[in-house]
Amino acid sequence: MHFGDHGIGDLPQQLTAEVLKTPADLIMIAGDLSYANGDQPIWDTWFEQMEPLLARRITMTAPGNHEQKDFGGEAFKNRFTHPPKPLSSVIGQGSPGSSFYSFDYNRVHFLVTTAGALINDGTLVEEIINIEVDLAQAALRRARGEIDFIVVMQHYTIWTDQLGRSPANPTLVALEENIMLRYGVDLLAVGHDHVYQRSKPMGLGLPNPLGYVQVLVGTGGASIRLFDENGPQIWSAAEFIGVGFCRYAVSPGKIRGEYYGSPPLDLSDEGRQYITGDFSLQDSFEISAKPQIACQLCAKPARSSDILLADYEAISRHTRERNRHDLRHC
């Protein structure tokens, strides 16, 4: 199960109650968890409200821009224990509690990234190298038949039709997508924009049957937004306004996704922040495992840091500009 952009108000609690009713083995929260923004008692309230869920479900989280507003992400790192960084087992360093990490759940490999949300902690260079090596290893394991799918989760979108956000830091977005396409990532789970939007399988903004599917679930309840009136997107397959979560059922060779949502009472500025309370199926889709020949083609060696970081000055500048914008406006 996957959602992002949660919080502690009435809408987040309605979402949590609905999640508790729905069986799931693993929950992925795509950033912006408590919206504490430096006010630590809000974190305490969030954990108290989430305790019935966290006590029963394995839950993994990614940091978002509101975790950055919380002492540069230090509160997030101190309050969660995550698996070690992807390269820790290779180089013998690292410890649990990392803001970026990877793990397997049955035959699915998960990589959780910060997408530069915590760039001020000085680890983005290390993270980019970790992403490259981890996905290269995952692609090789998939070609060997050890896993079926590769999933990446982060807070920020790669593609969105929210004005001023797509792409908000073009050089990092371009590098991330290059890595995901190179190693054949199947699913990108994100948040940040407070809407639901699913892409077609795509690459470079165009439909591509061998590309990845981006599932944007920023509908955890922090607020409900509308879509910008900038025309239909060639890459977009489904949209929803309201509060909800996406549930994934994984079987051999297939991921079936179902998005359950509750629409707002109405779309006015005031009525939009209240929901009907009736969660129902709003979207369903399937992601098939890549053909064996495609898996073999994606089993490529990891590239050197010289190649990955050739544009790092621009990556750093654009990411900091995006983060400063979020600090002011989110």
Side-chain angles (χ1 to χ4, degrees), residues 2 28 30 60 62 83-91 98 100-116 124-159 167 170-190 199-215 235 248 250 253-255 287-312 315:
H2 150 226
M28 307 287 287
M60 298 293 185
K85 298 174 183 178
L87 282 179
S88 297
S89 59
V90 177
I91 63 178
S98 173
F100 57 92
Y101 55 93
S102 65
F103 63 96
D104 288 350
Y105 198 92
N106 294 326
R107 292 180 60 84
V108 181
H109 180 74
F110 292 88
L111 171 67
V112 179
T113 83
T114 73
L124 185 56
V125 167
E126 178 189 7
E127 182 174 0
I128 290 171
I129 296 170
N130 271 261
I131 292 171
E132 173 82 8
V133 175
D134 181 80
L135 292 181
Q137 293 175 344
L140 179 60
R141 294 173 57 220
R142 183 177 54 188
R144 291 172 177 169
E146 298 172 15
I147 58 174
D148 293 330
F149 295 101
I150 302 173
V151 175
V152 174
M153 181 179 75
Q154 62 186 40
H155 179 62
Y156 284 106
T157 61
I158 294 292
W159 296 97
T171 45
L172 180 58
V173 163
L175 177 59
E176 280 194 295
E177 187 173 56
N178 174 278
I179 296 173
M180 289 191 294
L181 292 173
R182 176 180 174 88
Y183 300 115
V185 168
D186 298 289
L187 170 65
L188 173 65
V190 298
S199 79
K200 303 170 185 175
M202 66 175 188
L204 306 177
L206 299 174
N208 184 331
L210 295 179
Y212 62 93
V213 174
Q214 176 183 274
V215 181
W235 52 264
Y248 306 90
V250 183
K254 187 174 293 184
I255 297 176
I287 300 173
S288 297
K290 287 180 169 53
Q292 181 60 25
I293 188 171
C295 292
Q296 295 292 339
L297 290 173
C298 291
K300 299 176 180 178
R303 295 166 292 184
S304 69
S305 59
D306 291 342
I307 295 174
L308 296 171
L309 303 175
D311 294 326
Y312 186 74
I315 289 172

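In what follows, every heavy atom counts, from backbone to side chain, and hydrogens, waters and symmetry copies are set aside.
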Look up atom [atom1] in [X] and atom [atom2] in [Y], then write down how far apart they are to the nearest 0.5 Å.
{"X": "Phe103", "Y": "Tyr105", "atom1": "CZ", "atom2": "OH", "value": "9.0 Å"}
{"X": "Arg142", "Y": "Cys295", "atom1": "CZ", "atom2": "SG", "value": "4.5 Å"}
{"X": "Arg182", "Y": "Glu177", "atom1": "CZ", "atom2": "CD", "value": "14.5 Å"}
{"X": "Leu188", "Y": "Thr157", "atom1": "CG", "atom2": "OG1", "value": "8.5 Å"}
{"X": "Ile150", "Y": "Tyr212", "atom1": "CD1", "atom2": "OH", "value": "14.5 Å"}
{"X": "Leu111", "Y": "Phe100", "atom1": "CG", "atom2": "CZ", "value": "9.5 Å"}

Any idea which heavy atoms bring [X] and [Y] closest together, and the distance?
{"X": "Ser305", "Y": "Ile129", "result": "CB-CD1, 3.9 Å"}
{"X": "Ile158", "Y": "Gln214", "result": "N-OE1, 2.9 Å"}
{"X": "Lys200", "Y": "Pro207", "result": "CD-CG, 4.1 Å"}
{"X": "Leu181", "Y": "Cys298", "result": "O-SG, 4.5 Å"}
{"X": "Val112", "Y": "Ala62", "result": "CG1-CB, 3.6 Å"}
{"X": "Pro83", "Y": "Ser98", "result": "O-CB, 4.1 Å"}

Starting from the C-alpha separation in whole Å, work towards a yes-or-no answer on side chain to side chain contact (heavy atoms under 4.5 Å, CB included) for Val152 and Leu135. CA-CA 9 Å; Val152 174; Leu135 292 181; 4.3 Å; yes
Does [X] have any side chain to side chain contact (heavy atoms under 4.5 Å, CB included) partners at least two apart in sequence or in another chain, and if so, which?
{"X": "Leu140", "value": "Arg144, Ala299"}
{"X": "Val151", "value": "Val108, Phe110, Leu187"}
{"X": "Ala289", "value": "Phe149"}
{"X": "Leu308", "value": "Ile128, Glu132, Leu175, Ile179, Arg303"}

Any side-chain heavy atom of Pro201 sitting closer than 4.5 Å to one from Asn208? no
Hey, does Leu210 have a side-chain heavy atom less than 4.5 Å from the side chain of Pro291? yes
Taken in chain and number order and not counting sequence neighbours, the residues that satisfy side-chain hydrogen bond (donor to acceptor under 3.5 Å, both in side chains) with His2 are Tyr248
Crowded around Asp311 CG? As in, over 12 foreign heavy atoms under 6.0 Å? no
Decide if atom CD1 of Ile293 counts as having more than 12 heavy atoms of other residues, nucleotides or ligands within a radius under 6.0 Å. no
I would like to know whether Ser102 and Asp134 meet side chain to side chain donor-acceptor pair (under 3.5 Å); could you show each step before the answer? CA-CA 8 Å; Ser102 65; Asp134 181 80; 2.8 Å; yes
Does the side chain to side chain contact (heavy atoms under 4.5 Å, CB included) test come out yes or no for Val173 and Tyr156, once each step is laid out? CA-CA 9 Å; Val173 163; Tyr156 284 106; over 6 Å; no
Enumerate the side chain to side chain donor-acceptor pair (under 3.5 Å) contacts for residues 145-155, please, sequence neighbours excluded, ordered by first and then second residue. Asp32-His155, Asn65-His155, Arg107-Asp148, Thr113-Gln154, Arg141-Glu146, Gln154-Glu176, His155-His192
